[in-house]
There are 4 protein chains.
Amino acid sequence: MEGKAVQQEKENINHAELLISCPEKPGIISTVSNFLVEHNANIIQFDQHTTDPHAGMFFMRIEFDLKDFDSSYGKLEDNLHTMARDYSMDWQLTSKKKKKRMAIFVSKEGHCLKELIWRWKSGEIPVDIPMVISNHPDLKEEVEGHGIPYYHIPLSSHTKAEAEEKQLELLKGKVDFIALARYMQILSPDFVSKFSNQIINIHHSFLPAFIGANPYARAFNRGVKLIGATAHYVTDDLDEGPIIEQDVQRVSHRYTAEDLKIAGRHVEKQVLAKAVSWHAENKVLVHGNKTIVFT
Amino acid sequence: MEGKAVQQEKENINHAELLISCPEKPGIISTVSNFLVEHNANIIQFDQHTTDPHAGMFFMRIEFDLKDFDSSYGKLEDNLHTMARDYSMDWQLTSKKKKKRMAIFVSKEGHCLKELIWRWKSGEIPVDIPMVISNHPDLKEEVEGHGIPYYHIPLSSHTKAEAEEKQLELLKGKVDFIALARYMQILSPDFVSKFSNQIINIHHSFLPAFIGANPYARAFNRGVKLIGATAHYVTDDLDEGPIIEQDVQRVSHRYTAEDLKIAGRHVEKQVLAKAVSWHAENKVLVHGNKTIVFT
Amino acid sequence: MEGKAVQQEKENINHAELLISCPEKPGIISTVSNFLVEHNANIIQFDQHTTDPHAGMFFMRIEFDLKDFDSSYGKLEDNLHTMARDYSMDWQLTSKKKKKRMAIFVSKEGHCLKELIWRWKSGEIPVDIPMVISNHPDLKEEVEGHGIPYYHIPLSSHTKAEAEEKQLELLKGKVDFIALARYMQILSPDFVSKFSNQIINIHHSFLPAFIGANPYARAFNRGVKLIGATAHYVTDDLDEGPIIEQDVQRVSHRYTAEDLKIAGRHVEKQVLAKAVSWHAENKVLVHGNKTIVFT
Amino acid sequence: MEGKAVQQEKENINHAELLISCPEKPGIISTVSNFLVEHNANIIQFDQHTTDPHAGMFFMRIEFDLKDFDSSYGKLEDNLHTMARDYSMDWQLTSKKKKKRMAIFVSKEGHCLKELIWRWKSGEIPVDIPMVISNHPDLKEEVEGHGIPYYHIPLSSHTKAEAEEKQLELLKGKVDFIALARYMQILSPDFVSKFSNQIINIHHSFLPAFIGANPYARAFNRGVKLIGATAHYVTDDLDEGPIIEQDVQRVSHRYTAEDLKIAGRHVEKQVLAKAVSWHAENKVLVHGNKTIVFT
């Protein structure tokens, strides 16, 4: 679901979210829910998934309210460490009071960027946007008009390492995750490793079809009857990272390659915006090369 | 999701499902999960929903495995009564060992009936089908060919009460719920009251548009660009019962009223089949005039 | 199809579109195509529809290129009058050189307005936008930032007639059609009559379900599993005019009434934008209370 | 559109369909429509497509009624040869009086077969079905129950050539096209060449993703959020032939590989049935490795 964020924000300032991944073990739901009860947490939403109830991995997402939030939250966080150790849990606790900080990377095409900004302004994507970084100056005015700093870092094959260094410097300590809103450059493994499962890309095809460059031209040549878009976390393997969301749109023999590109923009922007809001709301867990999305 | 039933059946003969509805109360997830742990139940799937975390209604569905099923199940069931009383819970416990028994009501058009039978034979709808009842003889051979008894009970406006009496006699003690697979008769309030939230109808429109007779003709006259189908529980208000599932299909000015009817059949059969399998798998809870569907 | 406009504009400055409605008559395709051949027109795209091949109404849309456009177009237009008289044709001939002029009416919510402006700027909706008219000042800055004049005409139940007079004065001679981009006022029959089949409204439900006010609240109360949006021409009967386009989005029991409203915005903006671009490209013909859309 | 066939059959026994492919040439619509007028044909439906209006290929499909059908049809067919030669046309003229004859090839899984048979019996797919051929005996009873001959031709890697010989002998002169309804064998180039663009396969993925074996297992491993099915003409390149129709269904992390397979069956059967009915109604033209589908 999209947009949940809006009214939650209004209603719940004592709100937090807990994500847990661990090996499956009997009684784990009981253990965690008891832990929350003991800390005066009231569960608002509880989701779980197991890859195999007898010997698999277990994933959990809990939204809860906390009485006396300011005094209780720290204690709850401290005690989580102990429980997590006993159960070999990976966990992430997030207070709604602190929004995630998202950088947007973009090249020349602005449709995905604009959709993200619009949903951010309307409260649908609960993030702060400390900066937009681009290898082109084209969208500077648009972005700055919304009060967001725009950094133009030109980039050629020779200057890529240098450009990434500048980018990392800007991002350092200021950004939790990155949305690649049609950023037409491949990030280096070094860059990616610094934001593991924290970079969301929109690929303009229904992956794994048409990995790589020019997917619409190739879709046109193949004569597909649906075109698609895929939002995924970036890994070192091009367009092979964990898929967060996909969608398609029907096309016909009447569409030229250019028409596919135009029609596809509307799928791209919706798919990226959904993936980004789910990530911002801590609804996505990564397991190997796949995602669990608790919508 | 459809079809989950198939492999679960194979894998889990110690499997049970618990549905709970009750007023929201802090700690309820903890209470129920502790209860299950104490009875040696291992939770496979846990879903919950609350209409308002502070003062609403709480809904829960738990699939679990039980060690020493035959000796433990009875005890667990007994103790549920106590917990349920303390928490004002409505609950329903179902063992996978005992399939629900579904009667199918049909008139002349067989597409929904055939889809249900096909999914039943392929294991997707985990029910027994003790009988098909029809006001017409047309589908007798088809149904009996699958080894299902077919009862032809003719029905006119004058003989409706009498016909329903016969139907009820046939159903008595043999059937848990009824699928109206394009049964073109309105059931009496008396009949409906005997199967409260246990009669699933498929209406051939996107409710609440086109309530009542001839929805495709009216959709044609209105010039809609999508036609739909709605599966809902039957109540005394025609086509106003809790909606379980809906879907649509795109149409255009090229479709005649007859074309709409033909195209609509494929939506109808899919929507009814989904609703029926969710009901059979205890995935649907009713709250007032709405449903919570844990898919 | 959306977006066709973009490359057509680039490629075809000798381009025109002919729409014809008339009683069905044998040989009509032959007659019209011969007429075009005689005037040195080269057909690019030809679509037709008949409500009944023997006694119905016939609808045709032809895109064509014209050699020596400037000298030929006038003659072709003149001679159309003669042919149209002989065949009782309603027709409309449009040169691509002259874009339609669209006014946008809006109240406070900007999502549909922004989508229209974005698609206009990216070349997907081939119109001029001489003005935006609103009963609120909220979107003034946004609109003027794109270089479009914004007229704020406040409106209460007492001042409606007066406000419409002001609106009509602004529109007079400057506008071909109007897009109501979530304009939350009902236009008077007098106003509507001045723009017959030239006012496109977006209704935030899947018509004919939830005609009138607060469709999302009513969808929430009915417990629907899909929400929708409908773009239609405005007539004197509220939400009863010819439907141009509809679409839906899946929702679940998790959606609050507010969530439905938020999720619905994305359907609304896409549906309105499609309808507006089809109207702008002369792809929509009206027949009684229905549309023929040649996409 | 599906299902158009039903009432057309009832209404139009003087009905024929003409498909034309040729190099683009000015005046071609005029030429063909004049030709039909001269032969007393009344056009019911006219569709055209051009890959490039100035130098591309032109495709046309015309449905028409013919007065004095029995005496006129032969003459019209004769004269088509002359026109076709002058315009380098490939063409195909089909009288509705003569249905296409379709063989169905199937292995063990019956869902696609059953959908085809059901739509055939309900009049949606206007064909004769002279035979079903299978490399397994499993569906024999089912098929023969519908009065269709079932030929079981076992097949191993060693006996493939021999088996295909038997198949071809059975098909010879009795069949116009073949539907592979989950036939899990690869046909030899020799076999394919005998039914060029007359063999329709259903592939259980959204091509070109997951070409080849076990697409659902691979979709599961990739973690896609939509699964799909593709109906295409068979060529010598595995799963690379012209696509006729595709569709998708949303899935989630909850689906096991087996669940994907089960859910996918419903997409497969719908997609294959649509493609087959369009082919049966002469709505599909092939151009290189792509299709033009006039729905």
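Proteins get letters first, then strands, A, B, ... in listed order; numbering begins at 1 in each.
Each of Gly228(C), Gly288(C), Pro208(C) has some count of heavy-atom pairs under 4.5 Å with chain B, and the biggest count is that of Pro208(C). Heavy-atom pairs under 4.5 Å with chain B were tallied for Asp247(C), Leu207(C), Ile211(C); the largest tally goes to Asp247(C). No other option in Thr51(C), Thr230(C), Ile244(C), Thr50(C) has as many heavy-atom pairs under 4.5 Å with chain B as Ile244(C). Ranked by heavy-atom pairs shorter than 4.5 Å toward chain C, the options His232(B), Arg250(B), Glu240(B), Lys225(B) are led by Lys225(B).
Test Glu245(B), His203(B), His204(B) against Val271(B) for side chain to side chain contact (heavy atoms under 4.5 Å, CB included) and you get one pass: Glu245(B).
The NE2 atom of His253(C) sits 11.0 Å away from atom NZ of Lys290(B), with the distance rounded to the nearest 0.5 Å.
In this model, a donor atom of one side chain and an acceptor atom of the other lie less than 3.5 Å apart for His279(B) and Gln198(B). In this structure, a donor-acceptor pair under 3.5 Å is absent between the side chains of Glu17(B) and Thr94(B).
Both the backbone and the side chain of Thr291(C) come within less than 4.5 Å of a heavy atom in chain B. When heavy atoms are compared at a cutoff of 4.5 Å, Asn221(C) approaches chain B solely by way of its backbone atoms N, CA, C and O. At a 4.5 Å heavy-atom cutoff, Arg218(C) makes no contact with chain B through either its backbone or its side chain.
Remark: Lys269(C) does not engage Glu109(C) in a salt bridge, criterion side-chain N to carboxylate O under 4.0 Å.
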Tell me, with the steps shown, if His54(B) and Glu24(B) meet side-chain hydrogen bond (donor to acceptor under 3.5 Å, both in side chains).
CA-CA 7 Å; His54(B) 303 295; Glu24(B) 179 68 57; over 6 Å; no
